[in-house]
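Values in this document were obtained by computation on a predicted structure and should not be read as measured data. Order of the sequence lines fixes the chain letters, A, B, ..., with proteins taken first and strands second; residue numbering starts at 1 for each chain.
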Number of protein chains: 2
Amino acid sequence: MSTVKPTRTGDRQAGEGSPAYHHGNLREELVEQALKLAEEGGLLAVSVRAAARLAGVSPAAPFRHFPDKMTLMTAVAEEAMRRFRAEIALALAQEVDDDPMLRIRAIGRAYLDWARRNPTHFEIISSRRSIDFDGSPSLGRENAEIQAQIEALLLEAAQRGLLRCNDRHLIQIAARALVYGLARMLVDGHFPSWQVADADIEGTMAKVLDLFVDGLVKERPRPEL
Amino acid sequence: MSTVKPTRTGDRQAGEGSPAYHHGNLREELVEQALKLAEEGGLLAVSVRAAARLAGVSPAAPFRHFPDKMTLMTAVAEEAMRRFRAEIALALAQEVDDDPMLRIRAIGRAYLDWARRNPTHFEIISSRRSIDFDGSPSLGRENAEIQAQIEALLLEAAQRGLLRCNDRHLIQIAARALVYGLARMLVDGHFPSWQVADADIEGTMAKVLDLFVDGLVKERPRPEL
DNA sequence: CAATAAATGTAATCAATGATTACATGATTG
DNA sequence: CAATCATGTAATCATTGATTACATTTATTG
């Protein structure tokens, strides 16, 4: 409509000022704009057409790169998961203590922190009915890598005789259920019912995580707090 | 809710064969049909128009009873929550043991069982961004009643010296986070990533719940298992 | 009991969205 | 250069939430 149609495709340098008939990088930009829409307006604000609008292309253009909306959302989830995973890896790398349970706690904190700061992105990677999780090698791999790290830490904890329960797989599911539940309670808006003010959510989550981890270890009470 | 107040529009007995201009009970039937749509086709299958179709009225008719879709979904959530709460109350009434932690475990099992058997209904009462939770006294009341029951049980457990941690409110949030996380993992389709077959989900959830409750109590290991 | 008001339903219509099809344009390459 | 493929547009469709004007049934009341 309003926009001129400069018939030059190239020159899409960093400036990205001049739209051309061929966008040059539409696929990635659609994912980026969808992430922005999610961040700013929640899941309901994410539509194929809105992403196309932001990218400056026609409503039909996205379907050249994604057969349907679910495939686009899967690509969005892949990028979100990449960031999620990177932040967890960073937190683990920054945890100096080598106590495996403390390292697991550090993962949990990073998990919760990311979810709190990126609620809609967390929602996107979590609702595996709205994305093709099984069809995405990247999603499966990154998810498995997080699980593998916790698994290794639990094995080490068991070898050090820290664990009260022998079924490590069960512990792992319980741990995931706890942090997932906390993150979901946040995303789904449950904390107001629990008299937890917004400012206290971070601290409450941390304390709940500590309570849970304490329940896993054998005897030694945690030194601090 | 069984009793229909027959406003005598048109002989809508059990046969319900003769549609009349005035339905007579449209509000409740819309809620019922929406619940059925959710049960059979998931959240995506629930639309105002589909409910109207099933009720045999025009697409605009529902808007005489609900100002918008969210209000309808809130009414749906109220009915689902009523059933959810009733089942939890029943399970608690049927738990003979008076050990407060076992009674809490019974609530958790009923919670998980209902969510497993009614995943979309659970999703509806859980996603408080898609319903007007704060605007519904019924939703708030029933939710608060469940919390109050657990609170009382935790108080009793504390008085009996069963609890390892003094902060009961924190324990309560942790407990809710755990069962909510498990239920959400189920609803959101996470269990396949955990090598938990569908048939094992019920047992896995029960074991995770036990693991968590065991982590809360002071010393006494559970007798069974 | 009839007139009138209120409640409740319908028809028509609108805007937004996901999706498809036919066509246009630009890029790639033999 | 010309053929071919990738990538964009325009036009269109069905579905959905929502609104408005109108119709019909029920309730109220003089």
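- Between Leu44(B) atom CG and dT15(D) atom P there is a gap of 16 Å when expressed in whole angstrom units.
- Using a 4.0 Å cut-off between charged side-chain N and carboxylate O, Asp210(B) and Arg109(B) make a salt bridge.
- One atom, CZ of Phe66(B), and another, P of dG17(D), lie 13 Å apart when rounded to the nearest Å.
- If you take CG of Leu72(A) and P of dT17(C), they are 14 Å apart, rounded to a whole angstrom.
- For Lys69(A) and dA16(C), the NZ to C1' distance is 11 Å, given to the nearest whole Å.
- Using cut-offs of 30° and 60° on the angle between ring planes, the pair Phe122(B) and Tyr180(B) is tilted.
- Salt-bridge annotation for Asp188(B) and Arg184(A): present, with a side-chain N of the basic residue lying under 4.0 Å from a carboxylate O of the acidic one.
- Mapped onto DNA chain C by nearest heavy atom, Leu26(B) and Arg49(B) fall at different nucleotides, with Leu26(B) at the one closer to the 5' end.
- Checking dT10(C), dT16(D), dT9(D) against the side-chain heavy atoms of Ala61(B) singles out dT10(C) as nearest.
- Across the protein-nucleic acid pair, Met70(B) atom CE and dG17(D) atom C1' stand 13 Å apart, rounded to whole Å.
- Nucleotides of DNA chain C nearest to Pro67(A) and His65(B) differ in position, and the one nearer the 5' end is that of His65(B).
- Here the C1' atom of nucleotide dT16(D) and the CE atom of Met73(B) are 14 Å apart, to the nearest Å.
- Under 4.0 Å is where a charged nitrogen must lie from a carboxylate oxygen, and between Arg82(B) and Glu142(B) no such pair does.
- The nucleotide whose nearest atom lies closest to any side-chain atom of Ala60(A) is, among dT20(C), dT8(C), dT19(D), dT20(C).
- Separating the CG atom of Leu30(B) from the P atom of dG17(D) is a distance of 12 Å, rounded to the nearest angstrom.
- Protein atom CZ of Phe63(A) is 17 Å distant from nucleotide atom C1' of dA22(C), rounded to whole Å.
- Residue contacts for Arg27(B): at a heavy-atom cut-off of 4.0 Å it reaches no nucleic acid atom on any strand shown.
- Under 4.0 angstrom from either OP1 or OP2 of dT17(C) there lies at least one side-chain N or O belonging to Ser47(A).
- Ranking dA18(D), dC22(D), dT7(D) by closeness to the Arg64(B) side chain, first place goes to dC22(D).
- In the set dA19(C), dG17(D), dT10(C), the nucleotide with an atom closest to the side chain of Asp68(A) is dA19(C).
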